[in-house]
Asks: 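Sharing a structure here in structure tokens format.
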Amino acid sequence: MVDATTAEELAPRLTLTREHIVEIVSDSGEGAQKAGQTFGTVSARMGNGVWTVEIIPAEIQPPARSPAGASGIRIRLASHAVTNMGDEADIVVAFNEQVLYSRIVNGAYKEGTQVLLEDKWRDDSVPEIREQYAKAVAEFRRNGLIVHELPIETACLEITPNPRRGKNMFVLGMLCCIYSRDVELAKGEIATTFKRKGDKVIDMNHRLFDAGYRFAVEKLGLSYQVPAQPAEDREGKRYIVTNGNTALGLGVMASGMELVSMYPITPATSASHYLADVYHEVGGFVHQAEDEIAAAGFAIGSSFAGKTACTITSGPGLALKTEMLALAVMAELPLVVCVVQRGGPSTGLPTKVEQGDLLAALFGEPGDAPKVVIAAATIEECLHFVVMSRRLAEAFRTPVILLTDANLATGVQPYQRPEPSLDWMAPPIDQSDWDEHIPPYNWDSESGLSPRPVPGMPGGQYILTGLAHTNHSKVAYDSDSNQHGANMRSRKFAALASTLKPPVVHGDDSGDLLVVGWGSTLGAIEEAVDRARADGHQVSSLHLRFILPMEPGLKEIFKGFRKVMTVEINYSDDPGSPLITDETRRYAQLALLLRAHTLIDIDCWSVVYGHPLQPGMIKNELVKRLEALQGEG
Amino acid sequence: MVDATTAEELAPRLTLTREHIVEIVSDSGEGAQKAGQTFGTVSARMGNGVWTVEIIPAEIQPPARSPAGASGIRIRLASHAVTNMGDEADIVVAFNEQVLYSRIVNGAYKEGTQVLLEDKWRDDSVPEIREQYAKAVAEFRRNGLIVHELPIETACLEITPNPRRGKNMFVLGMLCCIYSRDVELAKGEIATTFKRKGDKVIDMNHRLFDAGYRFAVEKLGLSYQVPAQPAEDREGKRYIVTNGNTALGLGVMASGMELVSMYPITPATSASHYLADVYHEVGGFVHQAEDEIAAAGFAIGSSFAGKTACTITSGPGLALKTEMLALAVMAELPLVVCVVQRGGPSTGLPTKVEQGDLLAALFGEPGDAPKVVIAAATIEECLHFVVMSRRLAEAFRTPVILLTDANLATGVQPYQRPEPSLDWMAPPIDQSDWDEHIPPYNWDSESGLSPRPVPGMPGGQYILTGLAHTNHSKVAYDSDSNQHGANMRSRKFAALASTLKPPVVHGDDSGDLLVVGWGSTLGAIEEAVDRARADGHQVSSLHLRFILPMEPGLKEIFKGFRKVMTVEINYSDDPGSPLITDETRRYAQLALLLRAHTLIDIDCWSVVYGHPLQPGMIKNELVKRLEALQGEG
Amino acid sequence: MFGLKADWSLELFERYFTMGDYAGGEARWCPGCGDHAVLTAAQKVLRDEQQRPEMSVCVSGIGCSSRMPHYLGTFGFHGLHGRALPVACGIKARRPELDVWVATGDGDCFSIGTAHWIHALRYNMDMTLMVFDNAIYGLTKAQTSPTSPHGFKTNTHPFGAILEPHNPLTVTLGVTNVSFVAQVADWNPPLLYETLKAAYRHKGTGFVRIIQRCPVYADSFSKELQQNPDRFLLLQHQRGIPVDKSVSRQFPNRMEHDPSDLARAFQLAADTARLPLGLLYHNPDAQCYEDLSSQGVEMTPEKRLEGFNAVLDRITI
Amino acid sequence: MFGLKADWSLELFERYFTMGDYAGGEARWCPGCGDHAVLTAAQKVLRDEQQRPEMSVCVSGIGCSSRMPHYLGTFGFHGLHGRALPVACGIKARRPELDVWVATGDGDCFSIGTAHWIHALRYNMDMTLMVFDNAIYGLTKAQTSPTSPHGFKTNTHPFGAILEPHNPLTVTLGVTNVSFVAQVADWNPPLLYETLKAAYRHKGTGFVRIIQRCPVYADSFSKELQQNPDRFLLLQHQRGIPVDKSVSRQFPNRMEHDPSDLARAFQLAADTARLPLGLLYHNPDAQCYEDLSSQGVEMTPEKRLEGFNAVLDRITI
Ligand SMILES: Cc1ncc(C[n+]2csc(CCOP(=O)(O)OP(=O)(O)O)c2C)c(N)n1
Ligand SMILES: Cc1ncc(C[n+]2csc(CCOP(=O)(O)OP(=O)(O)O)c2C)c(N)n1
Ligand code: SF4
Ligand code: SF4
Ligand SMILES: [Mg+2]
Ligand SMILES: [Mg+2]
């Protein structure tokens, strides 16, 4: 058995670095993700900033050794807080050479990336496989990857007859050695992972771990030190580690909402999976409806009955909920709608990230249907924004659409454990008498706000309707009633706006270029901006959480910069393309809104690559724009 | 019997006028609408410009003598082309006094409006009714209405035992006398109306007509002359008289589309009712689906199979079709979607007009889903734009959303009979061989256009999918395929834009104020502008038909004016309201688009009164804005 | 539901609710419309059961029949076309103590609402489901409905409806966990009243198809049935709907039918020549979804907070 | 469909289509997935019927099973979740000569697609409707489907599905104008093949519920059935699905069932202890909607123009 001391004695030439990106890639079912998650958790507990994101194959059981089948995980660890998956990986452990191809296509690696490659294929019984392997290794090397061919399987065979099941823990051992992770911590994690499976299994995996550790010491001259974040940054803080969908589930529980009504859809469903597992512990229930319309209707029924409910979906589901959303707006029902955005339009890219649903969230419903639209920028915000959403929904008697995306949904990160309190929670349902003289929509003529009677309140009886209605909720077709109702439903958002503070600029308040973003791109944009600033560029960034109502002071802020552009993960015409002129260009979604809102000529850079934007890509685009600016004068 | 000569001899002091507005208001089921339609048709045939619009009660069988039950018709006739329902009525025939109240609330009358009122209620057996009547008449007179109490029922009783059935033709006779309409023409119309019912019925109605005519001569000293339009304007033109929904139906037939797949919804359904009656004469079929999703799916299936189909709906139905529309965009299927807009959001104002679905048509679908969005501005355009829509849908391989509204749907007008030709019609389905080497999305990289294989073409087999795909329609999750597909789907609209001409300004190309509109408000806006110009104001107007792509040259045109504003029938915050600032103000739908498109500070005046905008109302608003401008400089 | 809700039985005797307590706005259906009769019968049931108005919710879709909530003195939810049932189920999910009625039409329920109709029967939540079947789309002025007779002229089929009418009873009986299926005609008030009362008292979804007169747009449909009582078959059983002489006298065809016999019920329902009246099927013991969906409603916020912290502890590093 | 479409019979004999002509992309279902067997059976039917590939369209929704079109050499429409049937009906409406297949799953058809499933059966358009029922949501990774067994653990019900499984057969049999209802299991290729062929040849909607293995997410569901052939009841009849010895040998329970007996079919379908295999119901004479919807397809543009001018004449003043 290896303990930390011996490990340090053995430790080879050591490289110090402020951050590193590791990938483990394999066929699906080989446990790469479990190994990576454990490595991430150990690193987090040792004080590193960490971001992990899973690499998910498009098919359920893709053929072995196929690029399309690449399954695995990326772990980015650093001496500072990490907010995104970063650029190219520094080290990748690969269970076979084929799966690396799809990662290469995605630009996951660079010259100098260390590839720790299972070498059993070199001598495989099947000739094609031997050829594929040789060809690939040569090709990788030609492209500047540093390939270490390693007899991982052979080494595992010394411990288990079935390495396919154990290899991942062996690799975990290797990585823990390379990054000199705390061995006891790692083993503890392994023990909890396999708790249910019993001691024999735990012991076996511990042995594989040790073997991997020793293997790295002996066969690999690699050792990296990624120092922990300064202790004072962590002082007395407690952390939890989750992905964004689990964070949504936690937010639901923290908000005191008792019902999530959903219909399965990727990439949103795992939030409900998590809730289905634990929701009963807080007395909640997940309803799987027959379709998205019913899911929304069921949630609306519960909200009407006084138990504000939540529905969680993705693009195609949002499309089906359009009519129900309009009803909730018209009848002023509280409702929380979480939309985990994926690639569109239509079925599009079900497992991949896009920020393409912003305009649909704002304008999807025929007629004027204002509602709160907010977007979480971090995994932690996924949790806290659900809590905020429930409160806004009830205070402003409105549906709230909370936008997240596949990047937040699948990214895993440690963040501060929330300190929930009773005032986060929905209060017990009010069944006291309702003064019959107070109409069900007793609008405050200035703010449009009104209290809401719920079933069970004696004297509170009213008939909710999606038709135009008076403050008594009586159907009314006359001009005044319709205009007044519309005024009141819109005014609420001016009232909410008046409570918001202007957003804070990241970087200087003036300069050449301001980059505006929303949602999951926060980390990547700010990192790109920081890098550009480090190179002396006068660029800052601004990130919006509230889209409806819009946060105040934007025009003032924008005026501080020579140029303003948005960076988004959605479609816009590239100004350089054929037939695209200033006049015909279709802008990115936030850009369009900000142009109308500020009348400033806001540019945009947006792409629909289906993967998160890397800080490096963004930086390059910023620099291009900045250079163009210099050109202008 | 009365013939034209005697009529002229009897004709009393005559007033000459270039236009007049007549209303007939009654309880529902008293035939006011039939009488008005006939009067309108006769006037049209005599060469007047005519616009008629029905007054429809909210309930199916409202109680008698109730304001809510007001059922009837307005006829506006003039010596020039008429494009809208105008302002207040000059003459109203009322079958009882109660129904007038709802019209008064809608601002349908003015001081001096002549009220020809059935007087039988004055001596009704029921005391309340007598009181109501007396009270109302007094009230009307106090408000400046000129009330003629007439024994219409008594007069009818001389001819029929059941005046409730015949009164309308009696009234038609009165009106034909007052406006000295061609009696033979009128009687001819009556004959065709009751053709199916047999000669006895026709004769009875002719006698009622004559009685009404004589009654007017003897009891009413009213006679107005509204000269016909100059003959040369009509030279050799043939006219048809329809409402906008019938025009849609005619357009469908003229386009050669063989299938309309719909689900009933007010105010769109009557288009399908008309088609269900006559469609078989051109070999077409109306499918009533189980819901709107199925209606859209069924139409899409037909389009895929090579028979481009049409679906007709209104707001709530559009909401349900959102996901199907996204599929049609993603798979580049031709499809014609007619949206007859009504008051929203949600069930809203089912029978009333609004222009609230513009943004939903553009942005309703999650993800980027560009499609052609056009709006008909006249009843005639309802016909021709369907023909254009089918061609655009097939040429650009895209869904086309054609927006009309309840105002166009129910307004009736004579317009030039179309001269359909074979090239309006869909060509017979092509079943020739498809070159297997040409992929199903053989995008022209510049224009994004591509030819489309349809089932039955040997070698054309491909699998349509709503997932991201390559030009071979193979599912593809890689960045390049997704980005390229999105580029191509968007580029098509830049290509279409490059074929459009800048819209033409109504009035001078420069001035103080430019009013921009879209859809059914064309007539009212231009009339308002003309009146304001007649008063010496420097105001012009511009009307948009294409919204996506936007018509070219707008920014240039706008620059010619000190101020630009839109006038729309949808919601916008009134800048004068509490809490509404430049920053929080929510703009009308076209205004928002034009602000983003031109970066010009475009103002708007928009209301959701549920009724068409009257030229007078619009003019007042324009003048206000103009005066504010003078103030400024 | 007497006795069931022990928690308010005390109050029950405190105040007596009259018909007036269950009256809402003035009913605006056409004269002669069958909906009036249904409204009255429902109000009588509420009154006779002394159902507290503020604890009752009537949910509907869109249609003439769906206006019913406006005419009741209870809470009401006049929602979207076809979507009454998901809303009704959602109301019940976390408020099982609320009394829920659903008013829906043949288009609302059997056309656009089909999916919810089938799945609500599976959930079998405790509510009274009244389908007003006038074989036509009334509110939108005479389009074909799934139950319009073949050849019946409507505005969408001016040459006559082209499909055989849909049989909602046979479909309903085919749904697993269906628990109460009855059929009545609006023009027989006593049977209507007794049937709605039985549906109300039944714990589970009481599905009642009400053959309803629409004199304005589907007069012939109901006239033909009214004039030929032998088009009906009155089902009787001691566990069925109680029918007094006055009722049975009107229907020449009567038969004993055990409402627990599903297969027989299906056969009776399938015979469109003789429309069964009364209780076709009843299973008092079918599981009700709210008994599952309401788990934990009793938890206080404090307890929820406690539970949430326990959940957090497990993922705290 | 041999002979039926006289217009291409000439060509039919010109060229013989092999299995290769019906092969599309390489099937990417999991190893052991029942979908592979269905694909092969369908391809065999197409081949044996010498169906022209370009005249065939396979329409599907979304799900593992809905990927089938991608693996066929015909035209295909891989549309929206739950919406395969409206699209398939629309294809048929004005192109009745096209051969249409529908591939849908238990979630796709019985949950989100419920309304279209019921109404497509009413329309009864000539198509082969294959429901791949693996009692689970496969593509989205193991959520409860309407047919998931009670207590079956899924990701949305980790403590076990809470409803009794939906019985699609009894519902299907309750729909007016239903014309062909059969059930098979993917692991009996000969019966699968014969049943699909019968559905293909039937003029009308051939509804085939295919009990399908999902070894990845619902292994126990199919395993239990595979291991106990006596859970099945094989229906035999000279007007039923032809079954050779090899098939009948595998099923101890067999019975004669006349497929024209609807009431009996309902009883057999309702018995969930013994799952019927083969043809439950068949009515070869039910009306097909495309015979109505295709009115006037033969009209030339010239004739349409003529008709249109006649219409205009009537409203010209
Ligand atoms: C999404 C949507 N589609 C269509 C409509 C129009 N609509 C309102 S009621 C109705 C049908 C009414 O028929 P039924 O359900 O039988 O009720 P009835 O009026 O006959 O009582 C329709 C099609 C709507 N309001 N919303
Ligand atoms: C509108 C919409 N809702 C949800 C989804 C997600 N989704 C895709 S397939 C599927 C269910 C698949 O189950 P089933 O129909 O049984 O097919 P299987 O994969 O089991 O063959 C779901 C919920 C979607 N694509 N679209
Ligand atoms: S239209 Fe028919 S259903 Fe509607 S209210 Fe009138 S009579 Fe009743
Ligand atoms: S997940 Fe199940 S249904 Fe889907 S392909 Fe794999 S085995 Fe087949
Ligand atoms: Mg009805
Ligand atoms: Mg399935």
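Predicted model, so just to flag it, every value in this text is computed and none were measured. Atom set for the values below is all heavy atoms of this structure, side chains included, hydrogens, waters and symmetry mates excluded. Quick note on labels: first sequence line is chain A, next is B, and so on, each numbered from 1.
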Asks: Nearest heavy-atom pair of B/G364 and A/A360: which atoms, and what distance?
Replies: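 Heavy atoms of B/G364 and A/A360 come nearest at O-CB, 3.6 Å.
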Asks: Considering only heavy atoms, which portion of B/S479 lies under 4.5 Å from any heavy atom of chain A: side chain, backbone, both, or neither?
Replies: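 B/S479 touches chain A through backbone and side-chain heavy atoms alike.
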Asks: Checking side chain to side chain contact (heavy atoms under 4.5 Å, CB included) between A/P345 and each of B/E323, B/E365, B/M330, which is the one that passes?
Replies: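 The side chain to side chain contact (heavy atoms under 4.5 Å, CB included) with A/P345 is passed solely by B/M330 among B/E323, B/E365, B/M330.
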Asks: Need one label for A/R585: side chain, backbone, both or neither, based on atoms under 4.5 Å from any heavy atom in chain B.
Replies: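 Neither part, no heavy atoms under 4.5 Å.
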Asks: With respect to chain B, which residue among A/L593, A/I602, A/D601, A/L358 yields the maximal number of heavy-atom pairs within a distance under 4.5 Å?
Replies: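 Of the candidates given, the most pairs with chain B belong to A/D601.
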Asks: Looking at side-chain heavy atoms only, is the closest gap between A/E583 and B/M550 below 4.5 Å?
Replies: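 A/E583 does not reach B/M550 side chain to side chain.
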Asks: For chain B, find which of A/P549, A/S577, A/P370 contributes the most heavy-atom pairs closer than 4.5 angstrom.
Replies: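 Greatest number of close heavy-atom pairs with chain B: A/P370.
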Asks: Need one label for B/D480: side chain, backbone, both or neither, based on atoms under 4.5 Å from any heavy atom in chain A.
Replies: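 B/D480 has no heavy atom closer than 4.5 Å to chain A.
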Asks: What is the minimum heavy-atom distance between B/S445 and A/P578, and which atoms define it?
Replies: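 Answer, listing the atom of B/S445 first, then A/P578: O-CG, 4.5 Å.
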Asks: Do the side chains of B/I293 and A/L320 get nearer than 4.5 Å, heavy atoms only?
Replies: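 In short, these two side chains touch, coming nearer than 4.5 Å.
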Asks: Who among B/G485, B/P552, B/G610 has the most heavy-atom pairs with chain A under 4.5 Å?
Replies: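 That would be B/P552.
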Asks: What heavy-atom pair brings B/L467 and A/T347 nearest, and what distance separates the two atoms?
Replies: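 Scanning both residues completely, I find the closest heavy atoms to be CD2-CG2, 3.7 Å.
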Asks: If you look at every heavy atom in A/L579 and B/S447, which pair is closest and at what distance?
Replies: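 Scanning both residues completely, I find the closest heavy atoms to be CD1-CA, 4.1 Å.
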Asks: For chain A, which candidate among B/L599, B/L362, B/T322 shows the most heavy-atom pairs at distances under 4.5 Å?
Replies: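 Highest number of pairs under 4.5 Å: B/L599.
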Asks: For A/V105, is it the side chain, the backbone, both or neither that has a heavy atom under 4.5 Å from a heavy atom of chain B?
Replies: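 Answer is neither: A/V105 stays 4.5 Å or more from chain B.
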Asks: Check each atom of B/N487 against the heavy atoms of chain A and say whether the ones under 4.5 Å are side chain, backbone, both or neither.
Replies: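 Contact with chain A: backbone and side chain both.
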Asks: Please flag which part of B/R342 lies under 4.5 Å from any non-hydrogen atom of chain A: side chain, backbone, both or neither.
Replies: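 For B/R342, no heavy atom lies under 4.5 Å from chain A.
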Asks: Work out which heavy atom in B/R595 is nearest to a heavy atom in A/H597; give both atom names and the distance.
Replies: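 Minimum heavy-atom contact is NH2-O, 4.4 Å.
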Asks: Quick one: does A/Q483's side chain get under 4.5 Å of B/Y571's, heavy atoms only?
Replies: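 Side chain of A/Q483 against side chain of B/Y571, heavy atoms only: contact under 4.5 Å found.
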Asks: Report the option among B/T351, B/V475, B/L349 that has the most heavy-atom pairs separated by less than 4.5 Å from atoms of chain A.
Replies: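 Most heavy-atom pairs within the cutoff with chain A belong to B/L349.
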Asks: Which one, A/A476, A/G356, A/S481, leads in non-hydrogen pairs under 4.5 Å with chain B?
Replies: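 Winner by heavy-atom pair count: A/G356.
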Asks: Tell me which of these, B/G317, B/A331, B/S572, B/G553, has more heavy-atom pairs under 4.5 Å with chain A than the rest.
Replies: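 Of B/G317, B/A331, B/S572, B/G553, B/G553 has the most heavy-atom pairs under 4.5 Å with chain A.
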Asks: Quick check on A/N482 against chain B: is it the side chain, the backbone, both or neither that has a heavy atom closer than 4.5 Å?
Replies: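 The answer is both parts of A/N482.
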Asks: Is A/S346 in contact with chain B via its backbone, its side chain, both, or neither, using a 4.5 Å heavy-atom distance?
Replies: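 Both parts, heavy atoms under 4.5 Å.
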Asks: Under a 4.5 Å heavy-atom cut-off, does chain A meet the side chain of B/A497, its backbone, both or neither?
Replies: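 Side chain only.
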Asks: At a heavy-atom separation under 4.5 Å, does B/Q341 approach chain A through its side chain, its backbone, both, or neither?
Replies: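 For B/Q341, no heavy atom lies under 4.5 Å from chain A.
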Asks: Could you tell me which portion of A/P316 (side chain, backbone, both or neither) has an atom closer than 4.5 angstrom to a non-hydrogen atom of chain B?
Replies: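 For A/P316, heavy atoms of backbone and side chain both lie under 4.5 Å from chain B.
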Asks: Is any side-chain heavy atom of B/D368 closer than 4.5 Å to one of A/R586?
Replies: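 They are in side-chain contact.
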Asks: When heavy-atom pairs shorter than 4.5 Å are enumerated against chain B, which of A/A468, A/G348, A/A494, A/G344 gives the highest number?
Replies: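 With the most close heavy-atom pairs to chain B, the winner is A/G348.
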Asks: How would you list, by chain and number, every residue that makes a ring pair (Phe, Tyr, Trp, His ring centres under 6.0 Å) with A/Y609, sequence neighbours excluded?
Replies: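 For A/Y609 the ring pair (Phe, Tyr, Trp, His ring centres under 6.0 Å) partners, ignoring immediate neighbours, are A/H611.
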Asks: If you count heavy-atom pairs under 4.5 Å with chain A, which of B/S102, B/G448, B/A68, B/A326 comes out on top?
Replies: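 The candidate making the most pairs under 4.5 Å is B/A326.
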Asks: Counting heavy-atom pairs under 4.5 Å with chain B, which one of A/G343, A/A495, A/S498, A/S490 comes out on top?
Replies: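 Top option by heavy-atom pairs under 4.5 Å: A/S490.
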Asks: Among residues at least two apart in sequence or on other chains, which ones pass salt bridge (Lys or Arg N to Asp or Glu O under 4.0 Å) with B/K492?
Replies: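 Testing B/K492 for salt bridge (Lys or Arg N to Asp or Glu O under 4.0 Å), a comparison that skips the adjacent residues, returns B/E332.
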Asks: Is the closest side-chain heavy-atom distance between B/L592 and A/F363 below 4.5 Å?
Replies: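 A side-chain contact under 4.5 Å exists here.
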Asks: Side chain, backbone, both or neither: which part of A/A361 has a non-hydrogen atom closer than 4.5 Å to chain B?
Replies: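 Neither part; nothing is under 4.5 Å.
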Asks: What part of B/A591 gets closer than 4.5 Å to chain A, counting heavy atoms only: side chain, backbone, both or neither?
Replies: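 For B/A591, neither part sits under 4.5 Å from chain A.
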Asks: What part of B/L325 gets closer than 4.5 Å to chain A, counting heavy atoms only: side chain, backbone, both or neither?
Replies: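 Contact with chain A is absent: no heavy atom of B/L325 under 4.5 Å.
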Asks: Are side-chain heavy atoms of B/R491 and A/I580 found at a separation under 4.5 Å?
Replies: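 Yes; the side chains approach each other to less than 4.5 Å.
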Asks: Counting only heavy atoms closer than 4.5 Å, note whether B/I600 contacts chain A via side chain, backbone, both or neither.
Replies: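 For B/I600, the contact with chain A is made by the backbone alone.
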Asks: Assess whether a salt bridge exists between A/K555 and B/D582, defined as any Lys/Arg side-chain N lying under 4.0 Å from an Asp/Glu carboxylate O.
Replies: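 Salt bridge flag = no for B/D582 with A/K555.
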Asks: Has the side chain of A/D357 got a donor or acceptor atom that lies under 3.5 Å from a matching backbone atom of B/G367?
Replies: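 Here the side-chain-to-backbone pair exists.
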